[in-house]
Amino acid sequence: MAEPRKSDRQAMTDLERLRHSCAHVLATAILRFWPGAQFAAGPPVENGFYYDLELEHRITPEDLVAIEREMKKVVEENQLFERIAVSREEAIRLANEGSLGSIGARSEPSKFKLDILQGISPNEEISLYRNGDFTDLCAGPHVTRTGEIGAFKLTSVASAYYKGDPNNAQLQRVYGTAFKSPTELDAYFAQIEEAKKRDHRKLGRELNLFCIDEEVGPGLVLWKPKGAVIRRELQRFISEELRKQLYTEVFTPHIGRLALYRTSGHYPYYRESQFPPLIEPEMLSRLALEGCSCADLAHKLEAGDVDGYLLKPMNCPMHIKIYSSELRSYRDLPIRLAEFGTVYRWEQSGELGGMTRVRGFTQDDAHIFCTEEQLTQELQSCLQLVLKVLGTLGMHSYRVRLGLRDPNSAKFVGASEHWDKAEEALRKGVEFLNIAYTEETGEGAFYGPKIDFVVRDVIGREWQLGTVQVDYVLPQRFGLSYVAADNTQRRPVMIHRAPFGSLERFCGVLIEHFAGSFPVWLAPEQVRILPISEKHISYAETILNLFSETGIRTTLDKSSEKVGAKIRLAQQEKVPYMLVLGAREEQAGQVAVRSRKAGDEGAVSATQFVERILKEVEERQLN
RNA sequence: GCCCAUGUAGCUCAGUCGGUAGAGCACGUCCUUGGUAAGGACGAGGUCACCGGUUCAAUCCCGGUCAUGGGCUCCA
C-alpha cells in the first residue's frame, strides 16, 4: 500500500540507477545542441526521470525528437560512467568555470550546481560523474556504461521552479522514461494506453455521467441523470451508516457572512483560494459613489470595514453555529452533525481537471463535538467508517497519511499542546485499527492534524479522498462550551471527517476504479430488456413494469435493430444485465439472462431473476 | 497563477501550402422483424473556440482572450 519513500541514493534500485544515468545522457545530448544550458537536478522519478535546465531557447516537441536521436548516439558510443571524488574547493572551482553539468568550461559559472554544492554538508564526500566529455556534479550511482540503457523515450517538456520554489528561476523540465529493454518500454506505453481508456473524463462523457460546460464555468460539474444515480446511491449508503452511528443530519446555506469566516480564520488568510466576497447592493452603490477603487475595496474587505457574503469554502463554521445555538450538557455529547454540504473554492486555473479537481464540490461532511475523553473512541469510529466505505467498494489500493504540522510554517495555528494531544489521539486511532501509515509533516490542516486516505488515478496522480481531522482551534475561536458534570463550562473538541472526501472526486476515482462497469447497486441502468423483434415488445413491457415496480432500474430497447446490435450497445454502455426476450421466453414466462461479464446465462423465471438482482443490490455485491 | 501543447459536426478525427469544409460512429425518416458484440437506403448537423489584425479574400498567417490536456506551484 504505502510507497517506499525514496531516501538515500544508495538505496536506488537498478531501474532507478538506469534512469538516472539516462538523465545524464539527456543532458549530454542537450549540451551538444545548446552548450550554454544550465542544468539543475536530474533525478529518477516514479515512471522515468527528468532533468531541469535553464535555457533561453524553448524546447519544442520537435526538439525532443532531435534530442532523442542524439541520445541514441550517446548510448551507442557506450561511454563509461566514471566517478571522480573531488575536494569541495575543486568542485567549486569547476562550477565557477562552468564545467559542471557541462561539456567543458564555459563563460558562465554552473550556477545551479554551485548552489547545490553550497547545500552539501561539510562531512559529505563530493563526487563528480563523467561520461564521455560530459561532467556533472552527482552523488551517483550510475550504470557502468551508457550502452546499458536498453530503451528510452522522452515524453514531455514542462516547466518547474528551481527547488520547487516559485520565487526561484523557472526552468524547463524534460521528462523521459527508460527501461532495460525495448519490450519493457513498449509494455509501459501499452499500459498507459490501456489506463487512458478508463480515464473518468473519457468514461464520464461516453457513459453520460457528467459534463462540465464552459458557459457554466470551469471546474463546475453538471451531474447528468446517470451520474446522479451513482451519487444518490453513494449518499444513500453513507446515510445508512450514519444513522447506525447516531449521526444527525442538518442543512445549511451555500453562503454566509464574511464575519463568520473572519471568526473561523478562513478569511482573509485563505482568501486567495476562495471566490471573492459578494457585497450587498446598497453597499456597492455607496462605494461606487465614493469613487472607491478595487484596491480600496480589497483593503476595506480585508480590514473588516466592509462586510459581505462568502460562498462557503467549508461547512464547519455553520455546523459550529448549530452546536452553539443551544446550551449543551456533557450528557448530550458527542453531538454528530452530518451534511452533504457543497463548498466552493477558487482552485488555480492550471490545476482544474475532470471531477478530481473542481471549484464546487459536495463533501460528505460531518462534525463531531465531543469531550477530550471521548476523542479516541470517536476517531476510531470515524476511521472504521472510512474503512467500511472503501471495503464495500472494493478499493484496497490506498495509502494512509498522518498529516502533521510543520513547526517552521506560519500556516498552522493553535497551541502546540493541543497539536500534541490531537496527533497522539490520531496515532492511537490508526494503530488501534492496525493500519499501515506514514507520517508527513506539513500535511496537516491549518487547525489540526489529520488522517488522509490517498488513492491514485489512472495516470498515477495521488488524490486525497477520505479524511479525519482533529480540531481544538475552531471550538476555541467560536467560544464553544458544554456544561460538565461538575457544573463547570468546558470546551468540546471537534472532529472533521468525510469518508468520501468529496463526492465529485470520489466519483471520478470510482469511475476509474470500476472502469465504468459499476456493480449492480451503483449501476445507473441495472437491467436492459432486449426484445428479439417487435412482436415481443408487449411481453417486454410486462417484464419492464414488473422490474420497475420492484425499484430495479430497467430500460427497454425498442429499436428496430437485431439482438446482436442491441447487445453490442448494451455491452458498450456497461449495463450489468441484459434480458433477451423472444417467443420462447414469452411462452415460458421467463427471461433469458445475459450478464455484462459472463455472457449468456440461460433462461430463468422473471420473479427468480428479480430476487437475484434485489439481493445483489441489498448486499451491495461487487460482482 | 506559471511553462508547453491543443481547440474543425454530439463523439473520434481528416482537410484546406489563404478562395467559407469532409469521413466513421451517433442522430432522424423509411425499408427490414432478425436468437446473444454492428442489417440496409436516404437525410439532417458546423460563424472551423472567441475577439482583433494583415489581405481582394482568413478555418488556415499574426496578436490577444477563453477553454481543455500535461507538468510546476498551491491545496481548508
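Just so you know, these numbers come straight off a predicted model, no measurement behind them. Lettering of chains follows the sequences in order, A, B, ..., and the numbering in each one begins at 1.
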Item to check | Tyr161(A), nearest nucleotide to its side chain (from U36(B), C4(B), G1(B)) | outcome: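 Of U36(B), C4(B), G1(B), G1(B) is nearest to the side chain of Tyr161(A).
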Checklist entry - Which nucleotide sits closest to the side chain of Tyr270(A): A76(B), G71(B), G35(B)? => result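 Among the listed nucleotides, the one closest to the side chain of Tyr270(A) is A76(B).
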Using a heavy-atom cut-off of under 4.0 Å over every strand shown, decide if [X] touches base, sugar-phosphate, or nothing.
X	result
Glu561(A)	base
Gly599(A)	nothing
Ala592(A)	base
Arg584(A)	base
Gly448(A)	nothing
Glu585(A)	base

Item to check | G-U wobble or Watson-Crick pairing nucleotide for A9(B) (cut-off 3.5 Å, both distances) | outcome: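 Across any shown strand, A9(B) pairs with none.
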Next on the checklist: To the nearest 0.5 Å, what is the distance between NZ on Lys450(A) and CD on Glu423(A)?
Outcome noted: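 Rounded to the nearest 0.5 Å, the NZ-CD separation comes out at 13.0 Å.
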State whether the distance check finds a donor on one side and an acceptor on the other, under 3.5 Å, for side chain [X] versus base [N].
X	N	value
Arg357(A)	C75(B)	yes
Glu347(A)	G1(B)	no
Ser159(A)	G71(B)	yes

Checklist entry - Base, backbone or nothing for each nucleotide of nucleotides 41-49 of chain B, written B, S, -, heavy atoms under 4.0 angstrom, 5' to 3'? => result ---------
Checklist entry - Think Tyr175(A) has a side-chain N or O under 4.0 angstrom from the OP1 or OP2 of C4(B)? => result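 No.
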